[in-house]
Amino acid sequence: MSSNESLSSDRLTYALVGNPNCGKTTVFNALTGLRQKVGNYPGVTVERKEGECTSPRGERIRLIDLPGSYSLNARSPDEAVLRDVLLGRRADTPRPDRIICVIDSSNLERNLYLATQILELGLPTILVLNMIDVAEEKELKIDFTALEKRFECPVVPMQASTQKGLVELKFAIGKEELAAPGNIDLKLSPALSTGLQSGHQSLVEAGVVKKDALVAESLYLLSQHDPGHHGITDEQWPVIDAARLQFEQDVAAWEDQIVSARYDWIHENCETIVRRPGTAQASLTDRLDGFLLHPVWGWASVVGIMAVLFYLIFSIANGPMGWIESVFAAASNGVQGIMPPGDLRDLITDGVIAGVGGVVIFLPQILILFFFIGLMEDTGYMARVAFIMDRLMSKVGLNGKSFLPLLSSYACAVPGVMATRTIDSPKDRLITILVIPLASCSARLPVYLLMIATMIPSEQIPVVTKVGLMVSMYFLGTIGAFVFAWLFNRGLMKGESSPMILELPSYKAPSLKGIFLQLWERTRIFIRRAGTIILGISILLWAAATYPKSDSDDPSVRLSESIAGKIGHGMEPLIAPLGYDWKMGIGLLASFAAREVFVSTMSIVYSVEESDDDILPLRDRLLAEMRPDGKPRYTPLVCLSLMVFYVFAMQCMSTVAIVKRETNGWKWPIFQVGYMTATAYIAALLVYQAGTALGYQ
Ligand code: GDP
Ligand code: MG
C-alpha cells in the first residue's frame, strides 16, 4: 500500500481538460477503463476523478479528469478547481506534468478559446481533436498537420465514442519527451503588454508566483478578486489587490482587450486550418473565396457591389417613380374635380394624398435594394460579407454574431433587435441593440433620396455623385455604429464576449422564387406602414398645420399661425444653428414617430401652404422655397446637414418599443434615444457650421 503510494508520485500525471461536452469523460474512460476513482474535491461539491492507464511502453500513467469549462477565467467552483489544479495551487492535487486538451472538432474555434489559454500555461500538451465524425458530417475539413505546426504540440484526431484514435493517443501519451507548446502570441497593445509585465513582476517580487512562472499564471490572479483561489495566503491578497488596481488604472478594460485579442488570434489562425463545407462545388467556392475573402479584394468587392447597387437604385427606378407620381397627381386632381372646396377636400389632397404619396413614391428604389439584398443572401455572398466584417467587428469589441442583426437592421431595426437573441453574452447583446438603429434602415431611404434629389437637381451632374453621397450616408452610419460599440464596450460594463462560429456555405445559384416572395413580403410591410402609421400621422399633421384657422388669406401666414406652425417656431432657436427653419422643425419633430414621416410632413406642410392649382413634385417645392432674404432655403449644405441628422437620430417608435421589450425596461431605450439624438444634433451642427465657415451657404 505505502509502496504503491510512493510510486504514484513518480508517475507521469496527465490532466484532461476541455469544454463541457467535448467528450472528455469518454476519452478518460477509453484510456482508463475500470481503473478509476471518483470522489469530491475537499470543501466543494466538484467531482474529482482519477484513473490509470498503461502506455505502449508499459509505463503506468496517472490521469485526472478535470471539470469542463469554456475559459480559465473562473466563474464557478468547478472552474476554480480547474484553474487551481492547472496552476498547481491545490494542496490536495499535485500540479499535472502534462495536459491532454480535448477539443470538439466540430466547434473548433469555440474550443480553441480554452485551448489557447491552456497552451499559455507552458505545460507539455497533447491536443485531442475529438468528434471528428461530427466534424465530417458538418463537412468541415481540418488541416491537422497545419494545426500541429501552428501550436507546436502533438495533435491526435479521435472519435472517442468508438475508440477511434485511441492507440495513437496512447502512443502520444507514452512519449518520453514532450516539448512545451509554442507561444500563443496574442497581439496586445504596448500599454497592455507593459501593464501585464509589471503586474506579473510585482507578484513575482512578493513571492505570490514563482520566479520562473509564466505571465499567464499571474493573469488569472490579476483578473479578479476571487477568494476561491487556492494557495494564496492572507498576506498575499493585499499585494495582488494593489497590483490589480494599478493595472486597471494603467490600462482601461484590459480584460476585454485580452479577450478580443484572443478571438482575433483564433480567427486569424483558423482561417487557414479549417475549411468550411463544400463538396462538389468546393473548388469553385474555394476559388471565389480566395478572391472575395481576400483582405484587400474582399473589401473592394463589398464596396464595388454597394456602389453598383446604389447606381441601379438611382438609374432604373426613375421610370416607375414617375408613374407612381403621376398616379398620385391624377388622384389629387380627380378629387379636386369632383369635390367642392373645403376642409374635407384639403384633408384628402393635402393630408392623405400628399402625405402617403410622398412616401410611396420611394417604393421602387426600396424594392431594388431588397432585391439585391435577397440575391446576396441567397447566393451565399452575404455570409462572406459577414466574415469580412467580423474581422473588423472584433476590433471594436463586437461579437461576430452581432453582424447579422446589424445587417438586417439596414432593412429595419425591429427584426435586427429581435435577432440579437442569438448573442449569448449579455454585454455584447446590449451593445449590439444600442448601436443597431445607427444602421441606415429603409425608413431613412426616402429622406436621403429626397435630400439628394434636392441637392443635385440637375440632370447634367453624373449619377455617380448621387451614388457617392448615398454610399457616404450608409458608411457614416456604419462608422457611427462601430465607434459607439467601441465606446460602450469600454465604458458600459464588464463581461466576457463569447466566440462565434461562422458557417460559410457554398455558393449557389439563387432561387428567384424565394427572393420574390421576400420582396412581396417587404412590399406589403412598406405599403401597410404607408397605409397606417404614415396615413395616421399625415392626417394629424394636416390638422395641426391647418387649425386653428386664422383670418388671413395668405396660406403661409395661416400655416405659421397653426398649431404645427407655432411648435415649429418654438423650435427654431434650437435648430437654426443647424440651418433649419420652423417648417423643417415640424418635419423633424413629427418624424420622431417614424423617419419617413419627415417626407410626408414636408409634403403636407408645403401642400397646405400652396394655393390649390400648382401641384409640384415635392423636390421642386423644396427647391422653390426661399429664405426671407430671397436666397434658396434648401441649399446643398442644409440638405447635407439634414441627412447627417437622420443618419444618427433615433426616430422610430417601433424600435423604442422593441428595445424596451428586449431589455426589460425603459432605461436603455431612453439612453438610446438620448445618445443618438445628441449625436445627430452635434453632427448636423458641425456640418452646417463648418460648411458656413468654409463659405458654403
Ligand atoms: P464531457 O462533458 O466532455 O465529459 O463529455 P462526455 O464524455 O460526457 O461526452 C458527451 C457526449 O458526447 C456523450 O454522449 C458521448 O457519448 C459523446 N461523444 C464523445 N466522444 C464522441 C465522438 O468522438 N463522436 C461522437 N459522435 N460523440 C462523442
Ligand atoms: Mg465529463
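Every number for a ligand or one of its atoms is a count from 1 in the order of the listing.
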Numbered atoms of ligand 1 (with element) below 4.0 Å of [X], judged on heavy atoms:
{"X": "S161", "answer": "20 (N), 21 (C), 22 (C), 23 (O), 24 (N), 25 (C), 27 (N), 28 (C)"}
{"X": "V134", "answer": "26 (N)"}
{"X": "A160", "answer": "20 (N), 22 (C), 23 (O)"}

**Study point:** Polar side-chain atom of N19 near backbone of S69 as donor-acceptor pair, under 3.5 Å
**Key:** yes
Point to revise | Donor-acceptor contact below 3.5 Å, side chain D97 vs main chain T13 | key: yes
Review point. With only distance considered, is I132 within less than 3.5 Å of ligand 1 through an N or O on each side?
Key: no
**Study point:** Polar proximity ligand 1 side, P20 side, N/O cut 3.5 Å exclusive
**Key:** no
Review point. Of D133, N21, V102, N130, which has the heavy atom at the shortest distance from atom 24 (N) of ligand 1?
Key: D133
Point to revise | G68 to ligand 1, any heavy atom closer than 4.0 Å | key: no
Review point. On the ring face of Y14, is R62 found with NZ or CZ under 6.0 Å from the centre and within 45° of the axis?
Key: no
Check your understanding: Do R490 and D256 sit within salt-bridge range, that is, some charged N less than 4.0 Å from a carboxylate O?
Key -> no
Check your understanding: Between P96 and L86, is any pair of side-chain heavy atoms under 4.5 Å apart?
Key -> yes
Could you pull out all donor-acceptor pairs under 3.5 Å where a side-chain atom in residues 164-188 meets a protein atom, sequence neighbours excluded?
| from | atom 1 | to | atom 2 | distance (Å) |
| --- | --- | --- | --- | --- |
| E176 | OE1 | R57 | NH1 | 3.3 |
| D185 | OD1 | R150 | NH2 | 3.4 |
| D185 | OD1 | W265 | NE1 | 2.9 |
| K187 | NZ | E268 | OE1 | 2.9 |

